[in-house]
Peer 1: 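Dumping the structure here so I can ask a few things about it.
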Amino acid sequence: MNSENTRITALFEDDSLAAEAIRAIKNAGWRISDVHGPIPSHEISGALGIKKSGVGWFTLCGGVIGFFLGYFLAVFTAARWGLMVSGKPVLSYIPFFIVGFEFTILFAVLGNVLGLILLIRLPAYRDLPHIAPACSADRFGVVVDFGDSDKDEARRFLTNLGAEVPESSDRETES
Amino acid sequence: MDRRTFLKLAGMGSLAFASACTLENEKNLYSLVRIQDDMVSGEAAWYASTCRQCPAGCGVIAKNREGRVIKLEGNPLHPVNKGKLCIRGQAAVQEVYHPDRLQKPLIRQNNTWKTMDYDEAVSLLAQKTRKAAARGQNRVRMLTGIEGDVRLNLFQRSLDSWGSRAPTVFEPFSHENLRAANQSVFGVNGIPSYRIEDSDVLAGFGADFCETWLSPVEYSRKFKQMHAFAEGGKGRFFHVSPWRGITGANSDAWISCAPDTESVICLGLIKRILKENRAGNIPEQAGRQIRKIAEPFDREKVIEISGIEPDLYDLLSESLLQAKKPLVIGTAAPGRDLHALQANAAVNLLNYLLDPDLGKIDFTRRHRAEKAATHAEILSFFRDLESDPADVVFLNNVNPVYAFAGQKGIKEPLEQSGSFVACFSNFMDETAQCADLVFPVSLALESWDEYGAYPGLLSLCQPAMKPLNGAPSVTEVFLRIAPKAAENRETAREELIFQVQQNHGIDDEKTWLDALSRGGLFDKASRRESGAENPGLQDGFKDSFSDFEISGTEESPQISVLPSVRFFDGRSANLPWVCEIPDPVTQVAWQSPVLVHPATARDMGIEDGDMVSITSSNGEISAPAYKSSDIHPGVLGLQAGQGHTEYGRYAKGQGANPFALFSVKSSPLSGTALYETRDLQVEAAGMQQKLASTAGSLDPHGRKIALTVSVDELLEPEGEKKHGLAMHDFPLTLPLPEGYDEQRDFYPPHDHEDYRWAMAVDLDRCIGCSACAAACYAENNLAVAGEEQIINGREMSWLHIERYWQIEDPGKSVFLPMLCQHCDNAPCESVCPVYAPHHSKEGLNNQIYNRCIGTRFCAQNCPYKVRRFNWFDWKWPEPLNLQLNPDVTVRSKGVMEKCSFCVQRIKQAHGRAKNEDRKIEDGEVTPACVQTCPTDALVFGSLMDSASRVSQMVKDRRAYQVMGYLNTKPAVIYLKKVVHAV
Amino acid sequence: MDSRQNRVFGAAAALAVLGLAAFGANLFFGSPEAAWRAYLVNFLLFSAVAQGGLVFSAMMNTVQARWSSRLSALAESFAAFFPVSFVLFLGLFFGREYVFPWMGQDLHGKEVWLNTGFLFSRDIAGLLVLYGLGFAYLYYSLWFRLAAGDSSAGLQGRLARFWEGRSADPQKYEHRRYVFGVLYLLAFAIVLSLIGFDLVMAAEPHWYSTLFGAYTFIKAIYVGFGGLIILAACLHASRTNDFLLSPPEFLDMGKLFFAFCLAWADFFYCQLVVIWYGNISEETAYIITRTMLAPWNRIAWAVFIICFIVPFLILINRKIKTVPWFMTVLCAVVLVGMWLEHYLLLGPALGNPGDTATLLSAADVLMFLGFAGLLTASVAVYLGQFPAVVKAAVSGEQKSAGGDIDS
Amino acid sequence: MEKLSFKEIDNTVAATLDPPGRFYWTVIGLLFCGILVGAFCWAWQIMVGIGAGGQNSPVNWGTYLINFVFWVGIAHSGTLISAILYLLRAEWRNPIARAAETMTVFAVCTAGLFPFIHLGRVWMVYYMLPIPNDRTLWPNFQSPLMFDVVAIGTYLIVSVLFWYTGMLPDLAAIRDRASGTRKKVFSVLSLGWTGRFEQWRHYSRGYLLFAALATPLVISVHSVVSWDFALGVIPGWHTTIFAPYFVAGAIHSGLAMVLTLMIPMRRIFGAQRIITMHVLESVAKTIVFTGLIVGFAYGTEYFIAWYSRNSVEMEVFTFRSAGDFTLSYWIMVVCNSMVPLLFFFRRIRTSIVWLFGISILVNIGMWFERFVIIISSVAHDFLPNAWGQYAPTAIEYGIMLGSFSLFFFLFFLFVKHLPAISMTEMKELQHQGMTHE
C-alpha cells in the first residue's frame, strides 16, 4: 500500500454497534485491518465472517497419540522384566486402560495448548504499543485503514456509526 | 537320618585343636591373618554341644560363622530332643552376646564394684580358700545350679580338699514333691521318665510338659506321638488343673478345679476304680489300705470340694476306665505345698492301680533334675550360713535371692555374714548384687563340659567359639584354686577327657573325637538295661496321706504361680527374644499380667490392663490384670520368671515376680517345702498399664481361619470336593496351575520353574510353644521392638503363633502359626508401585528390600497381616549385633519385610544341588521354624515334586487354606486340628 | 393429525399384540424360561426408557435450564407408560419360578431379603411411589404447558376446564413442580437401585456389587434420553405436525446423550476393574460367565461395541448430533444394545445354562417389538390427549418465564 | 441479577489488587510459621522413621493419606465449576470460577505433598517415575499408586494450564490499566494478548475443548484415588461403588471449601455485587445434590454389606458405626449427608452465617469420611488376631497444620496479586444478560 496511509481505531460501546459498523465500513470499501474486544462476540465474528477455529485438530491428535503412548508405556515397562505380581498377567490390559486414559487427556490438553500457541501466535509483544487500552476493558475497537486523503471524511463516517475516535488512535503506518 | 542332618554332621568339626592354643584375640572375630583350622569363610561350621537353659539337657548344634556362633539348632542325634529346641534353647545364643554380660570379674570394695583381671580373681580365690581350709572344717560352702557329673565331681573333690561339705545343688523348680511322692509310694527317691508316647489316655494333674515340666521338648514330642491324629484315631489327654496354660490348651478337655484339690480328684478316681474292681491285680492288703485312703471321696464329695464340671469328671473317669494303656502324670509348677506332694502320691497310686507293673514309667531313665536339693535343704544351707558364717561361699550359676524373693534370711546372710561370697555369674543379677566377688565364667557354648540328661548318657559341651569375654570356665577356675583336686590337670578339656574315660569307658582318640563331633555317646545310653525291675508299692505311701486336710474352694482369692514357657524359673528373662515373643496363651509380651477369670474380674471391678496389687505378709507386687477364661474363678495366676530387680536391661523392672509373695518353711512331713502366702490381699491399684498385647480378638469370628474336625467325621467316608464361591463353602485352590479355574479366576494359570515351595502346617500337631518364632528371630535377624513399640502395635515377628479360642467350645482351641502365605495370587504384590514384592519363579513371594520405598500398601492389602514394616532403625546393642546372620540383610528404616521361607537356605540348597548337578531333594531345605518344631507340625517342600511330604500332606482331607474363599491361593496349607467330640 | 395419531397408535398396538402372541406361544409351546426371561428383560428395558425419559424433564426443571423446555414437554409424554409398566410388573408374579432362580435355593441368610412376598410388596410400593411422584410432577408441569381456556376434547380440555375453576398462583405451582421434580429424581435413584438389586442382581444370589443400583439408573437415564431423542426426531421429521427443533436443541440433547453414554461406560468399568483386580471368587464368577466365557462373551462384546464404542466414536463429532434421522438410528441401535445388555445380565442365571439355543430366538425379537409397541402406543395416546404439548412446544409461549432458548 | 457495566467489573476486580495492609501481612506471616512447623515435623519424621507417626500394624495408613485424599477432594470443585458447569452453561459459575480454579491448583499442590510425606523412604521416591535406567527397572503400572502418579500428575499440569489460559485476557486487562513495573510484569504474563478477534476465535474454541477434556479428567482422578482402596481386598475398601462415591464426595468437599473461601472473600473485597447471594445459593443447592449422592452411597454400602451376609463385611460396618471410631463415623454421616439437607430451606441457604457454618461442617465431615474409610477398615479386617487401633501423634498433627497453612498461604498470596475474579467471564455474563433481557 502507499506510504501515506492512516489507521484509525474506532471504539464502540457495544458489539452489535461494532458489528453494524464493520459491515458499513466494508460496504464503503475501506479495509478493516483488525478488531479488538474485551470479550468474544458472535455478532462481530459474524460480521467479520470468521470461521470455526481448527485448534480442535491439534487436540484430537494429541489425544490419540496420548492414548497409545500411555498403553505403550505400560506394556513396554511391564514386558522388560516380565515380573509376575498377584498372579495377574504381565500385560494386564484392563488396569492399563487407566494409564492410557490419563495420557489421552494429558496429551490432548498439551496438543490443545500447542494449538493455541501456534494459532494465536503467542507470545507476541510487538504490536502491544499500538492497541487501544480500552479494548481490553469495555470497548470494541475496530481498526480501519484509510487512504490519507479521505481521513476526515472517514472520521465523520465513523462517528456517525456511533464510534468514538480518539485523536491518539490515528497513526502513520510505516512501510 | 535325613540327608540334611548328614550334611550338617559332616560339617560338624570340633575346636579340639584350635582351642588348644588359647591365644587372646578380643571379640575373637575371624581374622584374615589367622584362620582357625576348620573355618572356611562364608561356610558355616557346626559344633555339637548341650543346651544348659534348663535341667532337661537337650543336645544342640551350634552354627559358627566366621568365628562366632550365630544360631543354635537341636542335635538330630540327641536322644532327648531329636534335633528340636524350645524357645529358650533358640534364644540361648543371646546370652553369649548379651550387652549386659560381664566382661571382667568385679570385686566389691567399700560397696563399689572394681574390675580385676581373671588371673587376679583366681589367685584371690585360691588364697581365700587356702586360708579358709587352714581354719578348719566346713569353712568353704558352695551352692550350685545343676551341673554335669564332671563339674559336680570336681566341686566335690575341691570342697573335699578344703575339708568342706559337698556342694548343695539348687534348682528353683526342684520337683521335690514328685521325688518325695515317688519315695513314699515306690521307694524311689528320684524322677523317672514317663513313656507318654505309649499311652492311649493321658491324664495330667497340672504337669506342664509343654512349658517347663522336666523336659518339655522331649515330652512335647512324645505327647504328640500319642495325641496326633494317625491311622484313624488319636489318644485322649485330660488336663486337671486350676489353670489351662499351653499344656491345657492342647488337652481334649481342660478340667478346671479349685487349687490344691487335684489330690482329691485323683483319690476320687481311685475310689471309683476300686469300686468297680477295675484295678490290676494288686496285693490284697495294699488294696485295702488304698481303699481306706480313698474312702471319703465319692463323686459328689469330689465335685463339691474341687468344684469341677460333673460331666467332665465322669468323662475323665470313664476314659481312664475304658483306656487300654492309661497313664497319669502328676502335678508341677513352683510354689506348691503339701497338696502337690499328696497329689503326686495319689497320682502314683492311681498309676499303680491302673497298671501294677508300671510299664509306662521308666525308673532307669531318671531325669537329672532329681539331683536338685529340696528347698528345705536350701533353707538350712542359708540358715547355717547365718548361724555360722563360712569364710568362703561359692555361688555357681544360681539366683536364690530372686527365687526366694519373699523369703527372709536369704539375702541377709550373703550380705551381712562375714563370709567372702564369690558368685560365678555372667550377669549382675539379684544374687550377684550380694556377692563380694562376681566372677564371669565362660558359658556352655564356650567351654568344655558335659551334661547328661539321665544316667549313662554322655552329652558333651565343647567351645563352639572362644569366650567372648575371655573368661575361663568354672571348671578351669576350680582346677586352679584347688590344686589337690586338680591332680595337675590344668584345662577343662583335660579334666573332661579324664572323667569321661573313667565313667564312659572312652579309651581311644577316635571314639572321643567321634563322640565329640556327634555331641556325645547316644546309642549306648538309649539302650535301657533290660531286666531292670520296676519297683512296686511301698508301705510308706500311707504317710503321704496322714494329716490330709482338704482346703477345697475358698472365698479368699488365691495366687498361683504359673509356669512360663518363656522364662522358666527366671533365668531366661534377660533374653530379648524371649521377652519380645508374646506368651502363646495371653499373647502379651514383655509383661507378666495377672490372669483373672472374667467372673472374678467382674467382682473385683477390674478390666484388662488395670493394675492389681497383691500383698502378702512377705511382700507386695502389682501387675496389670488380664481377663482370661483359662483360669479357675477365684484364682489369680501370675507367670514365674519376671520381676527382676537386677539382671540386665531387658529383665530389670519388667513384669512382676510372684515368688516375692511366698515364704517357705520345710514341712514336718517328708521334708518338702511348704509355700505360704499368709494374709494375701488383692485389690485394684487404681492405675492402668497398657498391655503389650500382640493380639486383637481371640475369637475367629467364624471366618474359616483356624478349623477343627472331629475324629468321628474323619472316620466317615469323604464327601465330594467343595466348589462353592463364598465363605460357607470354598475349594482348596493349590498354588499350582490346577488351582486355577476359568470359572472363577480372571487370571490364567502360571507355571513355576522346577520347584513350587510350600509349607504344610498340621494344626493337630502344633502345641503353640513358639519355638518356631524364636528360631525365626535368630535366623532372619528380626528386630526386637521392645515393650513400648509392641504396645504401639509394631512387633516385627515374621512368624506369629496366633491363638483362636472358641469360648463356647474350649475343646476347639487352636494355636495357628501365621506366616507369609506366599500366595499365588498375593494381594500384596500388584499394589506395589515399584515391584518390591513380586512372585518368584519358584513361587516365593519375594520382598526386595532395596527396591521398597515404604508405601505400606502391601501390608494394608495382605489379608493375613503378616507383613512387618521397619518403623525405625532398630538397635542391636553391642555385642548383640555379632549374632546377626551374615546371610540375611539387616533391614533399614522405611522398608517392608516378611517371612521369606528362609530364602537364604533355599539358595544354599540350590548351590549344593548345582555343584552336585542334581535337583534339590525333598527335606533338603528346612526353614528355621520347620527345623526346630518339637512336634514336627511344620513341613516344607516343593509342591511340584509329587512325592514330597508336602504334596502328600496337601492330599490329606484335612487340608485347607486360611480364608481360602479370598482365592489368594496360599502356599501355606493347614491341616485341620482333630478334636474328640467331647 | 388425529388420524395420523390413530395410525401410529394402531401400528403400535398391532406390534404389541404380536409380541403378546409371541410370548404366549413361547410360554405354552416353546420354553417358558425363555418366555419369562424375555418378559422380564423387556419390562426392565422399556420401563427404564419411560422412567428415564421423565427424568429429563424433572432434571432440566430442577437445574432451571432454559434451553430445554420443549424437549421436556415431550419427555413428559413417557409418563404415559407408567401404568402399563406397573401392570407388567404385576405380571411377573406369575412367572416367579422362572424369573427368581433363587427360589428354593439355600441362601445362607439372604432369605430374609430374598423372598417373593417381601420382594413384591417392597417393589410394588417402590413403583407406586415412583410413578405417583411422576404423575404429581406431570400434573404441575402440565399446568404451565396447557393454554387456559382450552375447550378441546380429551384430558387436555378437562384439565383446562378443571383449572379454570380454581384461581392458581403460578408461584405456588412453580414451587410444587420444583419439589415434586426433585422428589421424583430421588425416588428414581432409590427405586431403580432397588429394582436393579431385586430383579437383576439377585438373579445370582451369591453375587453383589455396591455400584449395581447406581449402574441401573444411570443406564435408565441413558436409554431414556435415547428414547426421547427418537421421539423428538420423529416428530421433528414428520411433516404432519408443525413441531420443529432448532439445531442447538438437538446439539445439547445429543451432548447429554453422549455424556450418559460415557457415564454408563464409566460405571461399567468401575465395577469391572475393581472385581478384576480383587479376583475374589464370590465376585469374579458372575463377571467371568458373562464377559469371558462362551457363549455370553460374544454378547458382551456386542453390547460393549454397540452401546459404547460406536456412540463414542460417532458423537465425538459435533455436527452429527444435529442430524435428526441419524440420531434416531443411533439411539435405536443403542436401545437394542441395551436390550442385549439385559440379556447378558439375566441370561446366564435364567436360561437353562450352557445351551446356546436359549441365547436369543425369534420370539425374543418379537417380544422386543411388542413391548416397543406398548411404549409407542402409550406415548401416542398421551400426545393424542394433549395436542397442546406439541403445539406449545412449537410456539414456546407459556405461562412461566422459562421459555427462551439460548443459542 | 443486577446489571454491572464492564467498567464496574474491572474496577471491583482491580481493587482487589491494591497494595495490601498490615493485617494481610500478619496473616501471611502466621501461615508461614504454620508451614515451618509442618516442615520441621516432616524433617523429624524423615530422621527417625515413620514410627514418629501413629501408624502401626494393622493400621499402616494414617493421617497422611487421609489428608491426601482430603486435599485431592478439595481440588475437585475447581475443575467442576470451571469445566462441567461451563459445559452445562450454568451462569452462576462465572463469578467464582477463577477462585475455584486457583483453589484447585493449590489444593493439588498440597495434596501432592502427602504421598511423599507418607513414604517410608521418601529419598527413593524416584523409583516411582518411569526413568530409563541401565538396570531397566521400571515402575509397576498395575499398581493403583502408579495410577495415582499418572492421574495426579496429569491433573496438576492440566489444571495449571487451564487456570492460566483462562487468566490470559484478564492479565491483559490488568496490564492495560496498570503502569510502571506492574505494567511490565503483566505485559510479560499476558503474553501480549490483545483481544484481537483472530485470537478470540481460537481462544474460545480452545477453552471449550479444555473444559470438555477437564471434565472426564476430574472424574477419573478421584476415581483413581478411590481405587487406591477399592482395588485392595480389604473389607470396607473393596467395593465397586467407591469411584462414583469418591467423586461425589470430592465435589461435595470442594464446593464446601468454595463457600468457606468465597464468603469471607466477597466480604473483604466488597464483591457482593459480583459474587451475589444467587451464586452462593446455587453452590448450596449443588452441595445438597452431592450430599444426597454421598448419603445414597453410605446407604448402599450398608445395605449391601447386610445383604451380602458376608460376616467380614458386616463386621466392618458394625465396627464403623458402633466400634472404636463411632464418633468419627457419626460426625461423617451427620455433617456430610444430613446437615446439607438444611439447604432445602431457602431461609438457610440465603443466610451468610448458615452458609458459612454448614460449609465448615461439611469440610470437617468430609475429613472424617476419609478417616473412617481409611482407618476403620484395616483396623478390623480379615484376621481377628491382627485387629488393632490407631491414633495420630503430634508429628502428624504438625504436618496437618503445615498442609493447611500452605494451602491458605498460597491462596492468600494469589488473591492479592492476580485477578481473583474472572473479569472476562463476568463481562460475557453481563453481555448475555443484556442481549437476553
Side-chain angles (χ1 to χ4, degrees), chain C residues 62-67 107-114 175 179 182 185-186 189-190 193-194 197-198 201-202 205-215 217-218 252 255-256 258-259 262-263 266-280 282-283 287 316 318 404-406, chain D residues 84-85 87-91 142-144 147 208 212 215-216 219-220 223-224 226-227 229-234 237-248 282 285-286 288-289 292-293 295-297 299-311 313-314 344 346 432 435-437:
Chain C
T62 315
V63 299
Q64 284 154 2
R66 298 226 185 100
W67 59 273
L107 294 176
H108 302 282
K110 282 205 183 76
E111 47 273 359
V112 279
W113 178 258
L114 291 182
H175 180 248
V179 170
V182 173
L185 290 178
L186 291 181
I190 292 164
S193 310
L194 186 67
F197 290 142
D198 281 347
M201 192 174 89
H206 72 81
W207 188 73
Y208 55 87
S209 162
T210 34
L211 189 53
F212 200 83
Y215 174 76
F217 68 70
I218 288 294
D252 291 335
K255 277 190 197 151
L256 275 175
F258 186 41
L262 295 180
D266 176 39
F267 277 38
F268 170 76
Y269 184 75
C270 287
Q271 297 183 80
L272 177 68
V273 74
V274 168
I275 293 174
W276 184 92
Y277 211 97
N279 197 44
I280 299 174
E282 210 173 357
E283 301 174 330
I287 307 287
I316 283 188
R318 182 185 172 82
D404 56 319
I405 307 101
D406 87 6
Chain D
I84 299 183
L85 296 184
L87 295 179
L88 295 179
R89 305 216 202 85
E91 298 158 346
Q142 284 186 30
S143 162
F147 305 157
L208 182 76
T215 306
I219 290 170
S220 78
S223 302
V224 165
S226 83
W227 288 331
F229 308 99
L231 293 193
V233 294
I234 300 305
W237 282 8
H238 182 72
T239 162
T240 47
I241 203 173
F242 254 33
Y245 161 33
F246 267 50
V247 174
S282 317
K285 284 181 183 166
T286 327
V288 174
F289 174 62
L292 284 170
I293 299 183
F296 177 81
T300 322
E301 271 194 313
Y302 249 83
F303 168 71
I304 291 295
W306 173 83
Y307 168 85
S308 73
R309 293 282 137 194
N310 175 329
S311 56
E313 291 282 332
M314 290 163 90
F344 266 122
R346 168 171 281 279
Q432 277 173 25
T435 50
H436 283 314
E437 271 107 65

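Within every chain, numbering begins at 1; the chains are lettered A, B, ... in the order of the sequence lines, protein sequences first and strands thereafter.
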Peer 1: Please flag which part of D/L231 lies under 4.5 Å from any non-hydrogen atom of chain C: side chain, backbone, both or neither.
Peer 2: both
Peer 1: I'd like to know which of C/G109, C/G213, C/A189 tops the heavy-atom pair count under 4.5 Å against chain D.
Peer 2: C/G109
Peer 1: Can you tell me which of C/L262, C/L114, C/V63 forms the most heavy-atom pairs within a distance under 4.5 Å of chain D?
Peer 2: C/L114
Peer 1: Can you sort out the partners of D/W227 under ring pair (Phe, Tyr, Trp, His ring centres under 6.0 Å), two or more places apart, ordered by chain and number?
Peer 2: C/Y269
Peer 1: Please give me the minimum heavy-atom distance between D/S223 and D/S226, naming the atom from each residue.
Peer 2: O-OG, 2.6 Å
Peer 1: Backbone N or O of D/A230 within a donor-acceptor pair of the D/W237 side chain at under 3.5 Å?
Peer 2: no
Peer 1: Counting only non-hydrogen atoms closer than 4.5 Å, does C/L107 touch chain D with its backbone (N, CA, C, O), its side chain (CB onward), both, or neither?
Peer 2: neither
Peer 1: Can you say whether D/F242 sits under 4.5 Å from chain C via the side chain, the backbone, both, or neither, judging by heavy atoms?
Peer 2: neither
Peer 1: Looking only at heavy atoms and a cut-off of under 4.5 Å, which of C/H206, C/Q271, C/K255, C/E282 has the most pairs with chain D?
Peer 2: C/Q271
Peer 1: Mind listing the closest non-hydrogen atom pair of D/H238 and C/G278 along with its distance?
Peer 2: CE1-CA, 3.6 Å
Peer 1: Closest heavy-atom contact between C/E283 and C/W207?
Peer 2: O-NE1, 3.0 Å
Peer 1: Heavy-atom distances under 4.5 Å only: say whether C/D266 touches chain D with side chain, backbone, both or neither.
Peer 2: side chain
Peer 1: Check each atom of C/Y215 against the heavy atoms of chain D and say whether the ones under 4.5 Å are side chain, backbone, both or neither.
Peer 2: neither
Peer 1: Restricting to non-hydrogen atoms, name the atom on C/S209 and the atom on D/I304 that form the minimum distance, rounded to 0.1 Å.
Peer 2: O-CD1, 4.5 Å
Peer 1: Under the side-chain contact (heavy atoms from CB on, under 4.5 Å) rule, collect the residues that match up with C/H175, sequence neighbours excluded.
Peer 2: C/V179
Peer 1: Measure distances from D/I219 to the heavy atoms of chain C and classify the residue's part below 4.5 Å as side chain, backbone, both or neither.
Peer 2: side chain
Peer 1: Less than 4.5 Å to any heavy atom of chain C: does that hold for the side chain of D/F296, its backbone, both, or neither?
Peer 2: side chain
Peer 1: Provide the closest heavy-atom pair for D/I241 versus C/T210 in the form atom of the first, atom of the second, distance.
Peer 2: N-OG1, 3.0 Å
Peer 1: Would the distance check show the side chain of D/T240 and the main-chain N or O of C/L211 forming a donor-acceptor pair, the cut-off being under 3.5 Å?
Peer 2: yes
Peer 1: So which part of C/A259 gets closer than 4.5 Å to some heavy atom of chain D, the side chain, the backbone, both or neither?
Peer 2: neither
Peer 1: Just give me the residue among C/W276, C/F212, C/Y208 that pairs up with chain D most often, heavy atom to heavy atom, under 4.5 Å.
Peer 2: C/Y208
Peer 1: Check each atom of C/L186 against the heavy atoms of chain D and say whether the ones under 4.5 Å are side chain, backbone, both or neither.
Peer 2: side chain
Peer 1: Under 4.5 Å heavy-atom distance to chain D, tell me which part of C/S193 shows up: side chain, backbone, both or neither.
Peer 2: side chain
Peer 1: Examine whether an atom of D/Y245 lies under 4.5 Å from a heavy atom of chain C, and if so say whether it belongs to the side chain, the backbone or both; otherwise answer neither.
Peer 2: neither
Peer 1: State, to 0.1 Å, how close C/Y277 and D/S143 come at their nearest heavy-atom pair, and which atoms those are.
Peer 2: OH-CA, 3.8 Å
